[in-house]
Amino acid sequence: QVQLVESGGGLVQAGGSLKLSCAASGSIFSIDAWGWYRQAPGKQRELVATITGGSTRYADSVKGRLTISRDNAKKTVYLQMNSLKPEDTAVYYCNADVRTGWGIRTDNYWGQGTQVTVSS
């Protein structure tokens, strides 16, 4: 079984910064791709950023402010969030495509979420 555990959320003023982390544990051979998603109250969950190998992709609303990175040795993904805005307030979820053995297809996993609140 694979678990993803997020940390680093909290309350910050507009213009401030936070860094989220998500660590994977369990029976892991490789993590092919990571993603960060967020869900604000009354809204659908949306993609924030993904990283596959060395390639990254961002939602237009966060480009230039949020940066996704990964540490393969630690099986951890990060989301550095700068210049935060009140509209960034949401529960942030990490997501991973995990391979548990050589030649085995990937399975997709979600973390439990961490709250980010940006005050104006």
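One side chain, Asn82 or Ser17, offers a donor N or O that lies under 3.5 Å from an acceptor on the other. Defined by atom type and a distance below 3.5 Å, a donor-acceptor pair is missing between the side-chain atoms of Thr89 and Glu87.
Annotation for Leu84 and Leu18: closest pair CD1-N, 3.9 Å, computed over non-hydrogen atoms. Taking all atoms of both residues into account, the shortest heavy-atom contact from Ser27 to Val2 is O-CG2, 3.8 Å. For the pair Ser69 and Val77, the tightest heavy-atom approach, listed with the atom from each and the gap, is O-CG2, 3.1 Å.
Between Asp107 and Arg99 there is no salt bridge, since no side-chain nitrogen of the basic residue lies less than 4.0 Å from a carboxylate oxygen of the acidic one. The pair Lys63-Asp60 meets the salt-bridge criterion, since a charged nitrogen lies less than 4.0 angstrom from a carboxylate oxygen.
Listed by chain and residue number, Pro86, Val118 satisfy the side-chain contact (heavy atoms from CB on, under 4.5 Å) test with Ala14 (two or more places apart in sequence, or in another chain). The side-chain contact (heavy atoms from CB on, under 4.5 Å) search around Ser7 returns Ser21, not counting sequence neighbours.
Arg70 forms no cation-pi arrangement with Tyr78, by the criterion of a distance under 6.0 Å to the ring centre and an angle within 45° of the ring axis.
Taken to the nearest 0.5 Å, the CG atom of Leu20 stands 7.5 Å off from the OH atom of Tyr92. Separating the OG1 atom in Thr106 from the CG atom in Asp97 is a distance of 4.5 Å, to the nearest 0.5 Å. Going from atom CH2 of Trp34 over to atom CG of Asn95 covers 9.5 Å, rounded to the nearest 0.5 Å.
Residues Thr117 and Val12 have side chains not in contact (no heavy-atom distance under 4.5 Å, counting atoms from C-beta outward).
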